[in-house]
Amino acid sequence: MKRLSLTLAVSLIGSATLAAEVAPKDVQFDEDGAVATSLTGKPGDAASGAVIAGTKSLGNCVACHQLTALADVPFHGEIGPSLDGAGDRWSEAELRGLMTNAKMTFEGTMMPAFYKVDGFLRPGDAYTGKAPTEALTPILSAQEIEDVIAFIATLKEE
């Protein structure tokens, strides 16, 4: 009985460890900027990802990208490439890298790092001396990143 209880406890602890959320500072990028490992250990939800991509206060992907799947959301931008067919152009690992910190793939990109908390310039200190000093939070949570990836992965060439 003790052995069964110990085995069960170890397997539960191992499962919890596998499903633990990856902190922004612990994200592992490969040499091309892709992130192979899920940030949450669980799959994203494409329907939630679509909402995040089209919501101004969240991902707001349409501010910079054309996206036929979200044609009902007004004011699509033209700064970034069209996301139509993105699920065929990039793997989930590449999409995760782009969403987490696109500058790891495209150094000069204007795309924001949606899951980064350090390394930002705080110009307020030079002008007012009143820039906030507390830690910044990521723009999107790990699960929101995974949801957007799940959505974008569904965008296939027709």
Side-chain angles (χ1 to χ4, degrees), residues 18-128 130-158:
L18 289 175
E21 187 173 296
V22 176
K25 291 182 180 185
D26 296 333
V27 174
Q28 297 294 311
F29 295 89
D30 72 12
E31 64 277 356
D32 297 318
V35 176
T37 306
S38 168
L39 301 177
T40 61
K42 53 188 173 187
D45 177 62
S48 294
V51 171
I52 293 164
T55 302
K56 284 185 180 184
S57 62
L58 292 172
N60 199 20
C61 301
V62 297
C64 297
H65 300 277
Q66 297 284 321
L67 188 51
T68 303
L70 297 178
D72 59 322
V73 178
F75 309 117
H76 288 228
E78 297 176 354
I79 295 171
S82 171
L83 293 182
D84 293 347
D88 288 328
R89 291 193 301 271
W90 292 300
S91 69
E92 282 191 21
E94 291 167 327
L95 290 170
R96 189 174 294 110
L98 291 168
M99 287 292 304
T100 303
N101 186 353
K103 289 167 182 60
M104 300 298 286
T105 302
F106 302 112
E107 187 177 331
T109 186
M110 294 176 66
M111 184 163 165
F114 286 95
Y115 199 63
K116 179 179 169 182
V117 294
D118 60 355
F120 296 105
L121 296 176
R122 294 189 171 194
D125 276 339
Y127 297 101
T128 65
K130 298 178 184 177
T133 57
E134 62 274 353
L136 297 173
T137 58
I139 296 170
L140 295 177
S141 71
Q143 188 58 54
E144 289 169 330
I145 297 281
E146 295 299 326
D147 292 346
V148 172
I149 292 166
F151 168 62
I152 294 174
T154 68
L155 304 176
K156 306 289 185 177
E157 294 290 340
E158 293 184 45

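Everything quoted here is computed from the prediction, not taken from an experiment. We use all heavy atoms of the structure for the numbers below, so side chains are in, but hydrogens, waters and symmetry mates are not. All residue numbers refer to positions in the sequence shown, counting from 1.
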Can you find a heavy atom in the side chain of [X] that is under 4.5 Å from one in the side chain of [Y]?
| X | Y | result |
| --- | --- | --- |
| Cys64 | Met111 | no |
| Met99 | Leu140 | yes |
| Lys25 | Asp118 | yes |
| Leu67 | His76 | yes |

Starting at [atom1] of [X], measure out to [atom2] of [Y] and round the result to the nearest 0.5 Å.
| X | Y | atom1 | atom2 | value |
| --- | --- | --- | --- | --- |
| Gln143 | Leu39 | CD | CG | 9.0 Å |
| Glu146 | Thr40 | CD | OG1 | 4.5 Å |
| Leu155 | His65 | CG | NE2 | 11.5 Å |
| Ile79 | Met110 | CD1 | CE | 5.0 Å |

(Q) Ignoring hydrogens, what is the shortest heavy-atom contact between Leu83 and Cys61? Give both atom names and the distance. (A) CD1-CB, 4.3 Å
**Q.** Option among Ile145, Thr100, Val148 that satisfies the side chain to side chain contact (heavy atoms under 4.5 Å, CB included) test with Phe114
**A.** Ile145
(Q) For Glu94, I'd like to know if atom CD has over 12 heavy atoms of other residues, nucleotides or ligands within 6.0 Å. (A) yes
Looking at [X] and [Y], would you say the former's side chain and the latter's main chain have a donor-acceptor pair under 3.5 Å?
| X | Y | value |
| --- | --- | --- |
| Asp147 | Ser48 | no |
| Thr105 | Asp32 | yes |
| Arg96 | Ser91 | no |

Q: Let me see the working for Phe151 and Leu70 under side chain to side chain contact (heavy atoms under 4.5 Å, CB included), right down to the final yes or no.
A: CA-CA 11 Å; Phe151 168 62; Leu70 297 178; 4.1 Å; yes
